[in-house]
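Input: a single structure, listed below in structure tokens.
Order of the sequence lines fixes the chain letters, A, B, ..., with proteins taken first and strands second; residue numbering starts at 1 for each chain. These numbers come from a predicted model, not from an experiment. The figures here come from the full heavy-atom set of this structure, side chains too, leaving out hydrogens, waters and symmetry mates.
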Amino acid sequence: MLIASWNINGIKARIDGLTAWLQERNPDIACLQEIKSQDETFPKKVIEDLGYHVETHGQKGFNGVALLSKEKPESVRRGLPGDESDEQARYIEGLWQTDSGPLRVASIYLPNGNPLGTAKFEYKLAWMDRLERHAEALLAHEERLILAGDYNVIPQPKDVHDPAAWLNDALFQPESRGNLRRLVHLGFADALRMTDDRAELYTFWDYQAGAWQKNNGIRIDHLLLSPEAQIVLRSVGIDKQVRSWEKPSDHVPILAELGG
DNA sequence: ATGGTCGTAAGACGA
């Protein structure tokens, strides 16, 4: 069972790269973020033609998340609970019944939060509080659960090429990192760190100032695994080469192979 | 210290 997450930064600009990657990698479930599309205009058919079910939670112009899966989910939740007034499309969660029992996967696009000192940073922290509360409720099911997505948080200094450049950025604030750590400590594991503790394992390189060429990257896309998922984890990888494809997203896919 | 580049969707805004 191969589970992937990829912030594609606009489905319309990335549809060719996405379909090529789906055919190359053949994930069972792919979580997408920043589709930047409404549900009605998302190019479902070309993805369905590759054998995937498509569930979107979109909005006009910005944000938007999706779940692509070989098997149709039994149920789908759109939106993160805890604030009925929040209209930003940043969360979609599916539940699948497999031969090994239930599998729940969420595609998460956590708020960026810049600039500091504004309502955007407060929204980020409040959104993380809501995610923590919802994650706590999900853990009580004691299922294989993966919270996958663009967390817009750099967990540790070794997850950023140039830490000093990010000291005043919302992605590297103590409050952001502390909230992520509190979420993980409910009982999750950062899948990549179960298998590889090296520095310079990045998932994002800015389009500007030759960041990719200089390997000036950050690790902000994460797969958080419940205990039931941790014990069947086989491998984790970052599809770094995708960043050098034509018209790339500024993020690359991360993947986890689960047994059982 | 500043500006640098993208995507969406048709002018800013978000990142």
Side-chain angles (χ1 to χ4, degrees), chain A residues 5-21 30-44 46-47 54 56-66 80 86-92 107-128 131 148-155 159-173 175-177 179-180 202-222 240 242-254:
Chain A
S5 177
W6 190 9
N7 179 323
I8 56 171
N9 189 23
I11 185 63
K12 296 170 185 70
R14 221 66 65 203
I15 188 63
D16 290 346
L18 174 64
T19 54
W21 174 80
C31 304
L32 305 180
Q33 301 88 34
E34 279 205 275
I35 62 175
K36 295 187 174 180
S37 167
Q38 298 173 91
D39 297 333
E40 302 74 32
T41 50
F42 188 91
K44 279 181 76 171
V46 63
I47 296 170
V54 178
T56 60
H57 181 40
Q59 69 180 91
K60 190 180 176 71
F62 313 106
N63 303 327
V65 286
L80 183 65
D86 184 2
E87 294 182 346
Q88 298 193 33
R90 297 178 174 277
Y91 186 93
I92 187 169
S107 179
I108 291 169
Y109 178 48
L110 209 143
N112 175 293
N114 281 305
L116 298 178
T118 69
K120 293 186 176 180
F121 189 58
E122 295 308 312
Y123 174 66
K124 178 189 190 119
L125 298 179
W127 205 94
M128 295 185 84
L131 179 60
D150 176 3
Y151 280 75
N152 267 316
V153 178
I154 302 164
D159 297 313
V160 48
H161 182 77
D162 181 7
W166 294 84
L167 286 176
N168 292 313
D169 194 287
L171 279 60
F172 199 44
Q173 289 312 293
E175 296 95 327
S176 311
R177 294 170 58 194
N179 279 7
L180 177 61
Y202 304 136
T203 64
F204 170 92
W205 296 259
D206 201 285
Y207 288 121
Q208 303 179 73
W212 167 244
Q213 288 73 16
K214 299 174 191 167
N215 196 30
N216 184 9
I218 55 178
R219 191 174 74 91
I220 56 175
D221 298 271
H222 310 301
K240 184 176 181 179
V242 171
R243 188 62 176 75
S244 63
W245 287 6
E246 198 156 339
K247 280 191 72 177
S249 170
D250 40 10
H251 297 249
V252 297
I254 55 172

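Listed pair A:K120 / B:dG14 meets the phosphate criterion, a side-chain N or O lying under 4.0 Å from OP1 or OP2. Between A:K60 and B:dA10 there is a side-chain N or O to OP1 or OP2 distance below 4.0 Å. Distances shown here put a side-chain N or O of A:K12 below 4.0 Å from the OP1 or OP2 atom of B:dA9.
Residue A:N9 is the one, among A:N9 and A:P111, whose nearest nucleotide of DNA chain B lies closer to the 5' end (criterion: closest heavy atom). Remark on DNA chain B: of its neighbouring residues A:N152 and A:G61, the 5'-side contact belongs to A:G61, judged by nearest-heavy-atom nucleotide.
The distance from atom CG of A:D250 to atom C1' of B:dG4 is 14 Å, rounded to the nearest whole Å. Atom CG of A:L18 and atom C1' of B:dG7 are 16 Å apart (whole Å). For A:I35 and B:dG7, the CD1 to C1' distance is 13 Å, given to the nearest whole Å. Atom CG of A:N216 is separated from atom P of B:dT5 by 15 Å (rounded to the nearest Å). Taking atom NZ of residue A:K36 and atom P of nucleotide B:dC13, one finds them 15 Å apart after rounding to whole Å. Here the C1' atom of nucleotide B:dG14 and the NZ atom of A:K124 are 14 Å apart, to the nearest Å. The nearest whole Å value for the distance from the CG atom in A:D206 to the C1' atom in B:dC6 is 9 Å. Here B:dG14 presents its P atom at 16 Å from CD of A:Q208, a figure rounded to the nearest Å.
Annotation: side chain of A:L110 is not in contact with side chain of A:Q33 (no heavy-atom distance under 4.5 Å).
In this structure, A:I11 reaches the sugar-phosphate backbone alone: every heavy-atom distance under 4.0 Å involves primed, P, OP1 or OP2 atoms, never a base. Using a 4.0 Å heavy-atom criterion, one finds that A:F204 contacts no nucleic acid atom at all. A:A13 comes within 4.0 angstrom of the backbone, heavy atoms only, and of no base.
Atom name C1', nucleotides B:dG11 and B:dG7: the rounded distance is 14 Å, in whole Å. Of the C1' atoms belonging to B:dA15 and B:dG4, the separation is 14 Å, rounded to the nearest Å. Between B:dG14 and B:dA9, the distance separating the two C1' atoms is 13 Å to the nearest Å.
The side-chain contact (heavy atoms from CB on, under 4.5 Å) with A:F204 is formed by just one residue from the set A:D150, A:L171, A:I220; it is A:I220.
Aromatic ring centroids of A:W6 and A:W21 lie under 6.0 Å apart.
A donor atom on one side chain and an acceptor atom on the other are not found under 3.5 Å apart for A:N9 and A:S249.
Classified by interplanar angle (parallel below 30°, tilted 30° to 60°, perpendicular above 60°), the ring pair A:H222/A:Y151 is tilted.
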